[in-house]
4 protein chains.
Amino acid sequence: MGSTSQPRRGNTRQRIQDVALELFAQQGYEKTSLREIAEQLDVTKAALYYHFKTKEDILVSIFEDLNKPVEDLIIWGETQPRTLETKTEILRRYSEALARSAPLFRFMQENQATVRDLSIGETIKHRVLGLVDLIKDPDAPLTDQVRCFSALFTMHAGMLALKDVDGDPEEKRKAALEVAVELVTRAHDPDAPR
Amino acid sequence: MGSTSQPRRGNTRQRIQDVALELFAQQGYEKTSLREIAEQLDVTKAALYYHFKTKEDILVSIFEDLNKPVEDLIIWGETQPRTLETKTEILRRYSEALARSAPLFRFMQENQATVRDLSIGETIKHRVLGLVDLIKDPDAPLTDQVRCFSALFTMHAGMLALKDVDGDPEEKRKAALEVAVELVTRAHDPDAPR
Amino acid sequence: MGSTSQPRRGNTRQRIQDVALELFAQQGYEKTSLREIAEQLDVTKAALYYHFKTKEDILVSIFEDLNKPVEDLIIWGETQPRTLETKTEILRRYSEALARSAPLFRFMQENQATVRDLSIGETIKHRVLGLVDLIKDPDAPLTDQVRCFSALFTMHAGMLALKDVDGDPEEKRKAALEVAVELVTRAHDPDAPR
Amino acid sequence: MGSTSQPRRGNTRQRIQDVALELFAQQGYEKTSLREIAEQLDVTKAALYYHFKTKEDILVSIFEDLNKPVEDLIIWGETQPRTLETKTEILRRYSEALARSAPLFRFMQENQATVRDLSIGETIKHRVLGLVDLIKDPDAPLTDQVRCFSALFTMHAGMLALKDVDGDPEEKRKAALEVAVELVTRAHDPDAPR
DNA sequence: TATGAATGAGATTTCATTCAT
DNA sequence: GATGAATGAAATCTCATTCAT
């Protein structure tokens, strides 16, 4: 929550995560050193090692905390019927999850090469594919599968590329969601009137 | 014939670029060391510095060489009328350029955080925005602007995320292009029958 | 008493400064590598970087420590009346300061080109000019100003060139001081009988 | 042959020496790389090696060319009677030699640590001591010997420290010479009236 | 809960030098 | 007279990590 006025006790772990995520998102994972993180927190590097086993562990812990909503979403989705309504709802919830953990997702988007080799790499891949599986039909033609992927990436892009476009972030998110829903709708019911 | 036995003289510069791009795309820019590149070429690190001023310079030179087609495409596009046909043609050509320089674009997609801070960062941003400008109308509603961004990202994704989908790469590329065209078409003529 | 068997903990910083100064004076700044310093101390190079930010920083820290007496001397001098007695006293004290920090001054004398570009360069220049200002009259004829500079350099030389002359160092220092005093005396009172 | 006209061709050797000396004096010997010299001359590093065997050799050759007058001066001095007139004349000629080869002497003054280890190191030491021998009496008291050294250093300083003093260089040189003569005069005839 | 001190590995870069052409 | 290509050695510096206290 509060980013500047932290009471000095008991929440160092959280503060490390906050600062680390901020720096990771700003500069990239490899270009952010533990020294920087420690300095910004006014602790020593060794203190980081009291709370986390490795540098990677810091990132993993952040990911695990912020990723839970998406995980839950997939679990929920798997119990629902594959109707268009369900798919739309999934997109809606996913869009909100993205918005809530924007820095993390921005980081993941911009550091794919890094993240791929880390232990979360597989998890992430699984998650994206799991999400796609919920909104696409396995036997759909290739074009429809592309539409589903595209829907997801559209929402990701909604947080990134659209930085350079004017307008309120929340509105941009909604516009991206709208386009995503449209894409999935077409994929879901190819015979719908165009 | 032989892909491993390189002719030893005269083309070192090119060979450095080739090996570097391969490794950059495979492992990421920061995790690829000059030692690795040199070893794979059976030259000393110092030889790299005879041909390039810095590590960054290697990447920049690769980028400048492979980026030319896209640059040309933008210049061409700026002289054309903003018809739907032009836009479609731009997408088609861009898709082909992407396919031809796949490793570079894959690298750029997966190393955005790195590339952003390099001297090519601004160039790339300019280029993407220049491309988007050719296919979107400046006064179009936000949703249509998203569609245009989405079209571009769909083609990028066509080279990346779709790795995990079965099927021939060329077919996947065409499917991505088709979806992109569709998105731009809708953005171009919002009143078209759906 | 042992000069080679150093107590291993707690005073590393000081030991680095000692060894560094010795090597800097012996071989010059640029020709002394951090590897050498580290090896002579039986520490790793990285340890040096724990205590000092850069190679230059090692030198700067040495300089700042040993320069204090001279700095104090200038401050003291500025509060005194510009009598011949004051000037003589300044020369006397300066001569002693030089003797006490002989290796540093020898280093500075022999590495002027290097020191000039370092961050201490300006400080040193300031200090020498500050010192000269205390012993020369601003409106004195050029010849008298030269005498004052010469007085200072005579004492510097007393530590250097006179190495190749026979005799006890302490006696040489006193002889140099005597000549310096004589020069300043003449500059102070040009009409004095010769 | 004998004439000193310098057309743009065929005098590369001389041009190398000129540029090298300028850079050596400006930045110091170690901090000046052959790359810099070559670039400033618009030739390749390898070209330098056609004309000189090593980097040191460039410096040595410069030194040998410019040092000749001083060498001659010493030889001449050795044939003269050790009168005060001779000594004065030596100082006068030396002062002129210094002025004529100012950059070289400035370089030597500021790079003593470097020069000491080079092959010219011994030569220089010899030369200074040879010069001193001409103006001091071997059995003179220590103070008088200091005066002689001081005379020499005063003239050196005349080219350096006096940079920061106002006034015409030629006048400053003459002032330095005057003080030097005075010092040697006293050393020569201690009983002279003061 | 943390720190102070240190390390081992490795990064990028620079340099003087060589040699076939 | 000079270049193009390359090398071997070394330099400065950074990093993630460890451990006794």
Side-chain angles (χ1 to χ4, degrees), chain A residues 8-13 16 29-38 41-58, chain B residues 8-13 15-16 29-38 41-58, chain C residues 8-13 16 29-38 41-58, chain D residues 9-13 16 29-38 41-58:
Chain A
R8 284 244 78 190
R9 284 239 155 69
N11 59 344
T12 305
R13 198 190 137 93
I16 293 173
Y29 177 77
E30 348 252 356
K31 284 209 306 248
T32 301
S33 72
L34 295 185
R35 179 174 54 68
E36 268 178 298
I37 298 177
L41 285 165
D42 210 35
V43 283
T44 59
K45 272 182 290 173
L48 306 183
Y49 279 88
Y50 178 80
H51 292 282
F52 300 94
K53 273 224 296 257
T54 62
K55 183 186 182 184
E56 183 174 341
D57 193 34
I58 299 181
Chain B
R8 281 251 52 191
R9 276 268 145 67
N11 57 343
T12 306
R13 201 191 133 94
R15 286 170 62 226
I16 293 172
Y29 176 77
E30 355 250 352
K31 286 209 305 249
T32 301
S33 72
L34 297 184
R35 182 179 50 70
E36 268 178 299
I37 298 177
L41 286 166
D42 207 36
V43 227
T44 59
K45 276 174 288 166
L48 306 184
Y49 278 90
Y50 175 75
H51 293 281
F52 300 94
K53 271 220 303 252
T54 61
K55 183 185 179 184
E56 182 174 341
D57 193 35
I58 300 182
Chain C
R8 281 253 49 193
R9 276 269 145 65
N11 57 341
T12 307
R13 200 190 133 95
I16 293 172
Y29 177 78
E30 353 248 355
K31 285 213 302 254
T32 301
S33 73
L34 296 184
R35 181 178 51 70
E36 267 178 300
I37 298 177
L41 285 166
D42 206 34
V43 228
T44 59
K45 276 175 285 167
L48 306 184
Y49 279 91
Y50 175 75
H51 293 282
F52 300 95
K53 273 218 304 249
T54 60
K55 184 185 179 184
E56 181 173 343
D57 192 35
I58 299 182
Chain D
R9 291 241 148 64
N11 59 341
T12 306
R13 199 189 136 93
I16 293 172
Y29 177 78
E30 351 251 354
K31 284 208 308 247
T32 301
S33 70
L34 295 185
R35 180 174 53 67
E36 268 177 299
I37 299 176
L41 285 165
D42 209 36
V43 281
T44 60
K45 271 182 290 172
L48 306 183
Y49 279 88
Y50 177 81
H51 293 281
F52 300 95
K53 270 226 297 259
T54 62
K55 183 185 179 184
E56 184 173 342
D57 193 35
I58 299 181

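Chain letters run A, B, ... following the sequence lines, proteins first, then strands; residues in each count from 1.
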Problem set entry | Contact state string [nucleotides 14-21 of chain F, B base, S sugar-phosphate only, - no protein heavy atom under 4.0 Å] | BBBBBB--
Problem set entry | Contact summary for D57(D) and K53(D), nearest pair of heavy atoms | OD2-N, 3.1 Å
Exercise. How close or far is atom P of dC15(E) from atom CD1 of I58(D), stated in whole angstroms?
Worked result: 14 Å
For this session: Ignoring backbone atoms, establish whether Y50(B) has a side-chain N or O less than 4.0 Å from OP1 or OP2 of dA5(F).
Result: yes
For this session: Would you please test Y29(B) and K55(B) for side-chain contact (heavy atoms from CB on, under 4.5 Å) and show each step?
Result: CA-CA 9 Å; Y29(B) 176 77; K55(B) 183 185 179 184; 3.5 Å; yes
For this session: Specify the separation, in whole Å, of atom CG of D57(C) and atom P of dT12(F).
Result: 14 Å
Seminar exercise, completed: For E30(C) and E30(D), the nearest pair of non-hydrogen atoms, with its separation, is CG-CG, 3.4 Å
Problem set entry | Distance-minimising heavy-atom pair for T44(D) and A38(D) | C-CB, 3.8 Å
Problem set entry | Closest non-hydrogen atom pair, T54(B) against Y49(B) | CA-CE2, 4.0 Å
For this session: Round to the nearest Å and state the distance from L48(C) atom CG to dG8(E) atom C1'.
Result: 14 Å
Seminar exercise, completed: F52(C) atom CZ is separated from dT12(F) atom P, nearest whole Å, by 15 Å
Exercise. Paired with dA20(F) by Watson-Crick or G-U wobble geometry, both distances under 3.5 Å: which nucleotide is it?
Worked result: dT3(E)
Exercise. According to the Watson-Crick and G-U wobble definitions, with both distances under 3.5 Å, which nucleotide is paired to dT14(F)?
Worked result: dA9(E)
For this session: Please report, rounded to the nearest Å, how far the P atom of dA5(F) is from the CG atom of D42(B).
Result: 18 Å
Exercise. OP1 or OP2 of dG4(E) sitting under 4.0 Å from any side-chain N/O of H51(C)?
Worked result: no
Exercise. Counting only side-chain N and O atoms of T12(B), is one of them less than 4.0 Å from OP1 or OP2 of dA5(F)?
Worked result: no
For this session: To the nearest 0.5 angstrom, please state how far the CZ atom of F52(C) sits from the CG atom of L34(C).
Result: 11.0 Å
